Structures are given as structure tokens and as C-alpha cells.
Amino acid sequence: MAQSEARVILQRVEGVLIVPLPDPMHDAFLDDLRISVLEYMRHHRIAGLILDLSGVEVLDEHDFERIRRVADGVTLMGAPVVLAGMKPGVAAGLVMLDISDAWVIPSLSVESAMERLR
């Protein structure tokens, strides 16, 4: 997917904001993600943010750090962030890179993340 084709899609379901993440992710998408989510939160109260990683095949340290920054901003504004649907290979790659994941609230699927935020 070309950099210009990746768009931030915000879906509100039962007060929870769900955002599917594309593969591959580019810096421009991650910048738009941060701006879009925080701007949405400025105008709407949400019970949490679910970042849907089910379509992501590869996630490097740089992208993971940029996702953490989005999560930090959302958390500071009072909403929990759940990473949903991370594939085993992606998780294994992050572990092999020895990346700090102490901030992550994981969930196997968007559905289980929704249950967690209720």
C-alpha cells in the first residue's frame, strides 16, 4: 500500500474507539493516527481505544515506539489503550528485539478487547 493510500479509520462502537492499523505502516500514517485520535478525544469521551493489529504482518521497533506514543497520549487523556489481534510472528519479533512492552494491554481479538473495556 502506498504511503498516500493509508488512511486513519476511526470506528466508534459502544463508546470505544477502534482503529485498524495497516500493513505496512508509514511515519505519515502514524502521525495522522496520533493527530486524528487525540483530536477525536478532544471532542468526544471514549471508554477506551483499541488498536487492531490483526492485519499487521511486520512491526519494527520504530513503529512500535510510535504506537506507544499514541497510547501515551490517549492514556494521559484518561482512556485505556488495548492492542488487539497481534499475530504470533509479530509478537515473537518484538520479543527477539527485546523491546519494552510494559505499557501494552494485549488482547487476542477486537471482540475480547471490547469485553476487557466494558
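It should be emphasised that the depicted structure is a prediction, and the values quoted were computed from it without experimental measurement. Worth knowing before you read on, the calculation uses all heavy atoms, side chains too, and leaves out hydrogens, waters and symmetry mates.
- For the pair Arg116 (side chain) and Pro106 (backbone), a donor-acceptor distance under 3.5 Å is present.
- Note that CG of Leu49 and CG of Leu33 are 7.5 Å apart. Values are rounded to the nearest 0.5 Å.
- Atom-to-atom distance recorded for Ser54:OG and Leu83:CG is 12.0 Å, nearest 0.5 angstrom.
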- Show the numbers, then the answer: is there a side chain to side chain contact (heavy atoms under 4.5 Å, CB included) between His62 and Asp27? CA-CA 9 Å; His62 174 76; Asp27 285 345; 2.7 Å; yes

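- Grouping the Ile, Leu, Val, Met, Phe, Trp and Tyr side chains by contacts below 4.5 angstrom, directly or via other members, places Val58 apart from Leu51.
- Heavy atoms only, all atoms of each residue included: Met41 and Ala79 are closest at CE-CB, 3.8 Å.
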- Message: Would Arg66 and Arg34 count as a side chain to side chain contact (heavy atoms under 4.5 Å, CB included) here? Give the steps.
- Response: CA-CA 9 Å; Arg66 302 281 307 265; Arg34 180 181 50 79; 5.7 Å; no

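- Heavy atoms from other residues, nucleotides or ligands lying under 6.0 Å from CG of Leu108 number 12 at most.
- For the atom pair Leu59 CG and Ile67 CD1, the distance stands at 5.0 Å (nearest 0.5 Å).
- Taking a 6.0 Å sphere around CZ of Arg45, one finds it holds 12 or fewer heavy atoms contributed by other residues, nucleotides or ligands.
- Taking CG of Leu117 as the reference point, atom CD1 of Ile105 lies at 7.5 Å (rounded to 0.5 Å).
- Residues Leu38 and Leu21 fall within the same hydrophobic cluster, defined by Ile, Leu, Val, Met, Phe, Trp and Tyr side chains chained together at heavy-atom separations under 4.5 Å.
- The distance from atom CD1 of Ile18 to atom CD1 of Ile50, rounded to the nearest 0.5 Å, is 4.5 Å.
- Between the CG atom of Leu53 and the CE atom of Met25 there is a distance of 6.0 Å, given to the nearest 0.5 Å.
- Listed here is the closest heavy atom pair of Gln11 and Pro20: OE1-CD, 4.0 Å.
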- Task: Walk me through it: do Tyr40 and Ile46 pass the test side chain to side chain contact (heavy atoms under 4.5 Å, CB included)?
- Result: CA-CA 9 Å; Tyr40 186 91; Ile46 64 170; 3.8 Å; yes

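- Hydrophobic clustering (side-chain heavy atoms under 4.5 Å, transitive across Ile, Leu, Val, Met, Phe, Trp, Tyr) keeps Ile9 apart from Val37.
- Taking all atoms of both residues into account, the shortest heavy-atom contact from Ser36 to Val8 is CB-CG1, 3.9 Å.
- In the hydrophobic clustering of ILVMFWY residues, with side-chain heavy atoms under 4.5 Å counting as a link, Met77 and Leu17 come out together.
- The closest donor-acceptor contact from the side chain of Ser107 to the backbone of Ala113 lies under 3.5 Å.
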- Hey, mind stepping through Asp101 and Leu94 against side chain to side chain contact (heavy atoms under 4.5 Å, CB included) and telling me if it holds? CA-CA 9 Å; Asp101 63 354; Leu94 293 173; over 6 Å; no

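- One hydrophobic cluster, built from ILVMFWY side chains closer than 4.5 Å, holds both Phe29 and Val56.
- The minimum heavy-atom distance between Phe64 and Ser100, with the atom names listed, is CE2-O, 3.6 Å.
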